[in-house]
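Each remark here refers to the structure printed beneath this line.
FYI, side chains are in, hydrogens and waters are out, and symmetry mates aren't considered; it's all heavy atoms of this structure. Model, not experiment: these values are computed from the prediction.
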Amino acid sequence: VQLQASGGGLVQPGGSLRLSCAASGSISSINTMAWYRQAPGEQRELVATITRGGVTDYADSAKGRFAISRDNAKNTVYLQMNSLRPEDTANYYCYAFIVALTLGKPNPGNYWGQGTQVTVSS
């Protein structure tokens, strides 16, 4: 099972980006999915979470500007980021709690994507 994140880049303050993260492999089900970020010299922090049923939660810094969503049919989670600020600059990581299938048996575990860099600068 792998998570592949994409969509990062360089954007001016006030701009928008949409991150995507797709899970692939032998998957039985995907429960909570989330986005984290880590700036240089900082600890990784939670940005937003979404349950399989679509219940969302956000860090205070993301409320009103970011929106997390998912497409269960595509095993994909998204993060729409609007009104971006320089302090949003970080490497963004997707996370998922996945029940994988190992030799046909359920094998739950935590999975992380490789990170995608978001830089907000003029």
Side-chain angles (χ1 to χ4, degrees):
V1 174
Q2 290 186 334
L3 292 178
Q4 181 69 43
S6 61
L10 174 64
V11 63
Q12 292 187 342
S16 298
L17 280 176
R18 189 192 195 208
L19 307 182
S20 300
C21 177
S24 62
S26 185
I27 296 171
S28 175
S29 64
I30 303 177
N31 298 320
T32 295
M33 304 184 84
W35 287 96
Y36 288 73
R37 67 186 183 186
Q38 187 169 20
E42 303 287 337
Q43 289 190 333
R44 190 172 296 190
E45 64 175 1
L46 178 64
V47 177
T49 63
I50 184 167
T51 67
R52 181 170 180 80
V55 176
T56 61
D57 195 15
Y58 297 90
D60 287 344
S61 60
K63 288 179 181 176
R65 300 187 300 126
F66 295 1
I68 189 170
S69 61
R70 64 190 284 173
D71 184 334
N72 291 332
K74 296 181 179 180
N75 290 337
T76 300
V77 63
Y78 306 96
L79 186 68
Q80 177 67 43
M81 303 186 293
N82 301 322
S83 303
L84 283 162
R85 306 165 180 166
E87 53 264 39
D88 294 317
T89 296
N91 207 353
Y92 282 70
Y93 297 89
C94 56
Y95 159 87
F97 184 80
I98 296 175
V99 181
L101 287 174
T102 303
L103 299 178
K105 294 183 179 180
N107 181 19
N110 299 305
Y111 291 86
W112 292 89
Q114 84 285 8
T116 184
Q117 178 68 35
V118 172
T119 302
V120 185
S121 174
S122 56

Open item on the list: So, using ring pair (Phe, Tyr, Trp, His ring centres under 6.0 Å) as the criterion, who are the partners of Y78 when residues are at least two apart?
Closed with: none
Open item on the list: Hydrophobic clustering (ILVMFWY, side-chain heavy atoms < 4.5 Å, transitive) - are Y92 and L17 grouped together?
Closed with: yes
Task: S26 (side chain) donor-acceptor with L101 (main chain) under 3.5 angstrom - done: yes
Open item on the list: Could you measure the distance from the OG atom of S121 to the CD atom of Q12? Nearest 0.5 Å is fine.
Closed with: 8.5 Å
TODO: Would you sort out whether S16 and V11 count as a side-chain contact (heavy atoms from CB on, under 4.5 Å), showing the intermediate values?
DONE: CA-CA 7 Å; S16 298; V11 63; over 6 Å; no
- [ ] Following the transitive rule for hydrophobic clusters with a side-chain heavy-atom cut-off under 4.5 Å over Ile, Leu, Val, Met, Phe, Trp and Tyr, establish whether L46 and L19 coincide in one cluster.
- [x] no
TODO: Could you tell me whether the side chain of N110 and the main chain of F97 form a donor-acceptor pair under 3.5 Å?
DONE: no
Task: Where G115 and N91 come nearest, the two heavy atoms and their spacing - done: C-OD1, 3.4 Å
TODO: Could you grab the distance from atom OG1 of T76 to atom CG of L3, nearest 0.5 Å is fine?
DONE: 9.5 Å
TODO: Could you tell me whether the side chain of Q114 and the main chain of A5 form a donor-acceptor pair under 3.5 Å?
DONE: yes
Task: Test item: S24 and N75 side chains (from C-beta on) under 4.5 Å apart, heavy atoms - done: no
Task: Minimal non-hydrogen separation, S20 against W35, with atom names - done: O-CH2, 3.6 Å
TODO: Could I get the full list of side-chain hydrogen bond (donor to acceptor under 3.5 Å, both in side chains) partners for S69, not counting sequence neighbours?
DONE: none
Open item on the list: Applying a strict under-4.5 Å side-chain criterion to I, L, V, M, F, W and Y, I'd like to know whether V1 and Y95 cluster together.
Closed with: no
Task: Note, I30 side chain near N72 side chain (heavy atom, < 4.5 Å) - done: no
Open item on the list: Please check if the number of heavy atoms outside Q2 that lie under 6.0 Å from its CD is greater than 12.
Closed with: no
TODO: Return yes if some donor-acceptor pair links the side-chain N/O of T89 with the main-chain N/O of V120 below 3.5 Å, else return no.
DONE: yes
TODO: Write down the atom of A90, the atom of Q117, and the distance for their closest heavy-atom approach.
DONE: O-NE2, 3.4 Å
Open item on the list: Check for me, please, whether Y58 and Y36 land in the same ILVMFWY cluster - side-chain distances under 4.5 Å, paths through other members count.
Closed with: no
- [ ] Taking the side chain as every heavy atom from C-beta outward, state whether C94 and M33 have any atom pair closer than 4.5 Å.
- [x] no
- [ ] Kindly compute the distance separating CD (Q38) from CD (E45), expressed to the nearest 0.5 Å.
- [x] 9.5 Å
Task: Contact summary for I68 and A34, nearest pair of heavy atoms - done: CD1-CA, 4.2 Å
Open item on the list: Would a single hydrophobic cluster contain both I50 and L79, if residues Ile, Leu, Val, Met, Phe, Trp and Tyr are joined by side-chain heavy-atom contacts under 4.5 Å?
Closed with: yes
Task: Contact list for residues 65-87, test salt bridge (charged side-chain N to carboxylate O under 4.0 Å, His left out), sequence neighbours left out - done: R65-D88
